[in-house]
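As structure tokens, the structure follows; a few thoughts come after it.
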Amino acid sequence: MKQFTSVRDMHDVNKFVQEALALKQNPLVHSQLGKNKTLGLIFLNPSLRTRMSAQKAAYNLGMNVITVSMDKEGWSIEFEEGAVMNAGKTEHIKEAAAVIGQYCDIAGIRCFPGLTDRHFDYGEVVLNQFIRYCNVPVVSLESATLHPLQSFADLITITENWNKPLKPKVVLTWAPHIKALPQAVANSFSEWMTAAEVEFIITHPEGYELDEIYTEGDTVTYDQENALLNADFVYVKNWSSYRDYGKILPVEKNWMLTNGKLGITNNAKVMHCLPVRRNVELPDEIMDGENTLILKQAENRIYAAQAVLKKMLAEI
Amino acid sequence: MKQFTSVRDMHDVNKFVQEALALKQNPLVHSQLGKNKTLGLIFLNPSLRTRMSAQKAAYNLGMNVITVSMDKEGWSIEFEEGAVMNAGKTEHIKEAAAVIGQYCDIAGIRCFPGLTDRHFDYGEVVLNQFIRYCNVPVVSLESATLHPLQSFADLITITENWNKPLKPKVVLTWAPHIKALPQAVANSFSEWMTAAEVEFIITHPEGYELDEIYTEGDTVTYDQENALLNADFVYVKNWSSYRDYGKILPVEKNWMLTNGKLGITNNAKVMHCLPVRRNVELPDEIMDGENTLILKQAENRIYAAQAVLKKMLAEI
Amino acid sequence: MKQFTSVRDMHDVNKFVQEALALKQNPLVHSQLGKNKTLGLIFLNPSLRTRMSAQKAAYNLGMNVITVSMDKEGWSIEFEEGAVMNAGKTEHIKEAAAVIGQYCDIAGIRCFPGLTDRHFDYGEVVLNQFIRYCNVPVVSLESATLHPLQSFADLITITENWNKPLKPKVVLTWAPHIKALPQAVANSFSEWMTAAEVEFIITHPEGYELDEIYTEGDTVTYDQENALLNADFVYVKNWSSYRDYGKILPVEKNWMLTNGKLGITNNAKVMHCLPVRRNVELPDEIMDGENTLILKQAENRIYAAQAVLKKMLAEI
């Protein structure tokens, strides 16, 4: 595995989920595999769960870790091919990525979208150039359009919490927020659910349609209530508009999930990638209630990362 | 030991001091105890000594360490129960603490007081919520009202430097400063000295009385000269007013300790927790003189932290 | 080796280069040497290569590492002897350095020049005080006037890429830039080339003369073309004026190296310490061409650091 940036980088999703669940049972069984190997974690944006879970996963495999908060401790990076660098950028991604690759056996990078230039963001210019010039296996720690370690952890969590023969009904529902957020988690969850053995429905207000490349074949509806009917898992997430790129559009009804709304589900489990703004995205009654899987998702971030790192280490 | 936030979390203070002194003699004797265990260090505020000494202590015990400068690399945290998070805060302490606890075997947190809302600060809202939701043993790396790792190191240092049968006379004296500082170090030192086998006196200008919960039974005087008479150890520290909360009150005399003032002591050793503003809190003649124990205190931070971590590891 | 701040700290430069090249062949052969030893890396300024390569070198030797971005995570430091610290500085270098030394077996520090006070910068006040009070071996991670780990890596790179009996002709050429940069890399490269078995020439516009202490005996010319004639290695670097201290002086011709200019060299290899501003300091045609050694220099930063740390560890 030369890169982990999308579900498409996985040969067999189900096998990977089982691998992660096995690692969760015995996290230290491969603690010699990463000996004398170094994981470099490069952050162009803030991170708590990703930062900590990736380090924990690496330690479980016996790796060394170097973290760089590039936006604060390093240099500002130029991404444009052919740029005359006579303004604010100090170093080109070509050199930065190549150098980082020389100091690490595996590299991870986090890079949020700017949400102003859709073509640039959806071209994954930052991630793709990093991969191109880095020369070692690269793990996405969330990119402009996808957050694969999160979605992998989400699928692990759903698998752990489902033991019936029928496919579960999984709903992705848009939630309110006060800031314009990336579409990455929603894109990514859609992509993974489409690949998984589930019945998947997306619901959001008009104008919040995701890029169809991630939702091909999925049912999409503006009717939240209808989507929630008999749901087994409800994934809650805000995102800004993809069509009117990066904008917060006016929304009439209150899209926040409540215990009342959960009443029409199949006593659905509630999921969110965190950080969550309480009583804006999700109410306290759900966050503190019995239906939440949110902390389990966060815990499974360790084993998602560990399964990916293990696979990469085995192939180095 | 599920938490280390105050001298009250210690069963037997003297035994702990002896344990730390033993670790100082053989820092690596327990280097397998922490193998495959992870210490998470969360900083909401700047730190040099605490950051480095806690890491060193963890390494001596064979632990892995993850540090997060939450104020810079992570998300801004909401602490209010029931808050509608539609303003500047991104994540609630309930989730942040719970997630951190899932990635660590022991967690440390540093959180300074705001010095504007005494009720909030002295309620230790940040620390207590972190502990409540973290689900793993928590070490205070300095909280709003106390700095127990510092005070533990201070007591280790006094013990090392006292070999007479009588109790030493220990004086805590207020010192000038240009900024409003927390009362945490003064509260904490008072609490520990009250629990230790010493004769303890506090001296400060009028209006700088500490919260009596930490000074119960202690002699308190506005007369610095009288306090210093025959002192064996003089602990120097500035703090802002507790009564007129967070304020710097006008002070008539010069409260800075000098070699002249040391003349009436029992050739007292001088202590300070660092960082110190030279020639404001303490003059060069003392900082560079023979009576200072200040660097020894800093060194003992390693063994204070190591004794606490060792105890926690042994009970996990 | 008690300090590594300049080529003058090296007993035998050539032997050290051979040692580094041997480590490059077998990076892990001394992986027990640094066991239970701690490297402290203190950054007063941004760093990518130095931060990562020093950590990688330490891990190769089995060391633990503590990094502190002092400018962001720690306290602001006072360097003036006798200062009354009643302004913006929180801690004196005397205490900060001494404390750091207590928590580490070897300490590294990065401290850029302010470029306003030449006397202060060229007195290396920050580095020298750090060394004076730290009490453990100190590695410069780039100081106000020198960058010895870079120059060591540069010499390793030249040695690797030269296999003829005659000395290579090495040219240091000034390059354009939009900001006022330190002279450190240019000073340092000059110092090391003067000590190495090479024919060394410096070329720069009038007014950009380096401090003669680093260029004694070297040929210096304002005629770039003449300098480049038959060159085997061309080291490209911008620096601000030393005479008119820290200033960017008007320069008539375009000093940027091009493939055209390389035509008169002996098919010279091109070097730069990074970060480089493309198409300002060096054009894409050279950065992406076949003559560049720039990434090799960056890679060799690991083995330069490792050779220095190994020497220090062996003598502790």
Side-chain angles (χ1 to χ4, degrees), chain B residues 27-29 31 41 43-65 67-73 110 176-179 181 256 272-285 287-288 292 294-303 305, chain C residues 34-44 46 55 58-59 62-109 129-130 132-136:
Chain B
L28 299 174
V29 75
S31 65
L41 298 174
F43 295 92
L44 304 186
N45 302 97
S47 170
L48 173 62
R49 271 155 289 280
T50 302
R51 179 185 291 270
M52 294 189 77
S53 61
Q55 284 188 68
K56 179 73 177 179
Y59 290 149
N60 282 346
L61 293 164
M63 299 184 82
N64 296 314
V65 183
T67 61
V68 181
S69 294
M70 185 75 98
D71 50 337
K72 294 170 191 68
E73 301 170 329
R110 163 164 286 208
H177 204 282
I178 62 154
K179 295 182 73 176
L181 297 193
M256 186 168 73
H272 189 287
C273 61
L274 294 174
V276 71
R277 283 174 176 255
R278 283 175 169 249
N279 303 310
V280 174
E281 293 179 85
L282 274 166
D284 285 340
E285 65 181 21
M287 293 301 294
D288 298 328
T292 177
I294 292 173
L295 291 179
K296 292 184 195 299
Q297 292 171 260
E299 184 188 4
N300 285 328
R301 294 290 306 273
I302 300 169
Y303 309 106
Chain C
K35 203 158 182 291
N36 293 319
K37 295 283 190 286
T38 300
L39 173 66
L41 299 174
I42 311 298
F43 295 92
L44 304 186
Q55 284 188 67
Y59 291 149
M63 299 185 82
N64 296 313
V65 182
I66 299 174
T67 61
V68 181
S69 295
M70 184 74 99
D71 50 337
K72 294 169 190 71
E73 301 170 329
W75 305 105
S76 54
I77 305 295
E78 173 67 59
F79 295 99
E80 196 188 322
E81 181 74 35
V84 178
M85 292 171 59
N86 58 4
K89 302 300 174 59
T90 308
E91 178 151 28
H92 201 282
I93 186 67
K94 288 188 184 184
E95 280 73 56
V99 164
I100 290 165
Q102 290 181 320
Y103 300 151
C104 306
D105 299 282
I106 299 173
I109 186 166
Q129 292 212 65
F130 188 80
R132 179 167 174 195
Y133 296 111
C134 194
N135 290 314
V136 295

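No experiment lies behind these values; they were computed from the predicted model shown. Letters A, B, ... mirror the listed sequences (proteins, then strands); counts begin at 1.
For the options C:A96, C:C104, C:G82, heavy-atom pairs under 4.5 Å to chain B are most numerous at C:G82. Counting heavy-atom pairs under 4.5 Å between each of B:G62, B:S47, B:P176, B:P27 and chain C puts B:S47 at the top. Ranked by heavy-atom pairs shorter than 4.5 Å toward chain C, the options B:H177, B:R278, B:M52, B:E299 are led by B:R278.
With a threshold of 4.5 angstrom between heavy atoms, B:S69 approaches chain C through side-chain atoms but not through N, CA, C or O. Only the side chain of B:L28 comes within contact range of chain C, with at least one heavy atom under 4.5 Å from a heavy atom of that chain. Only the side chain of B:I178 comes within contact range of chain C, with heavy atoms under 4.5 Å apart. Using a 4.5 Å cut-off between heavy atoms, C:N135 does not touch chain B at all.
Partners of B:E281 under the salt bridge (charged side-chain N to carboxylate O under 4.0 Å, His left out) rule, at least two apart in sequence or in another chain, do not exist in this structure. Residues meeting the salt bridge (charged side-chain N to carboxylate O under 4.0 Å, His left out) test with C:K94, sequence neighbours left out: B:D288, C:E81.
Side-chain contact between B:Q297 and B:I294 is present, with heavy atoms from C-beta onward closer than 4.5 Å. Here the side chains of C:D105 and C:L39 are not in contact, with every heavy-atom distance at 4.5 Å or above.
Remark: B:R49 is not positioned above the aromatic ring of C:Y103, lacking an NZ or CZ atom under 6.0 angstrom from the ring centre and at most 45 degrees off the axis.
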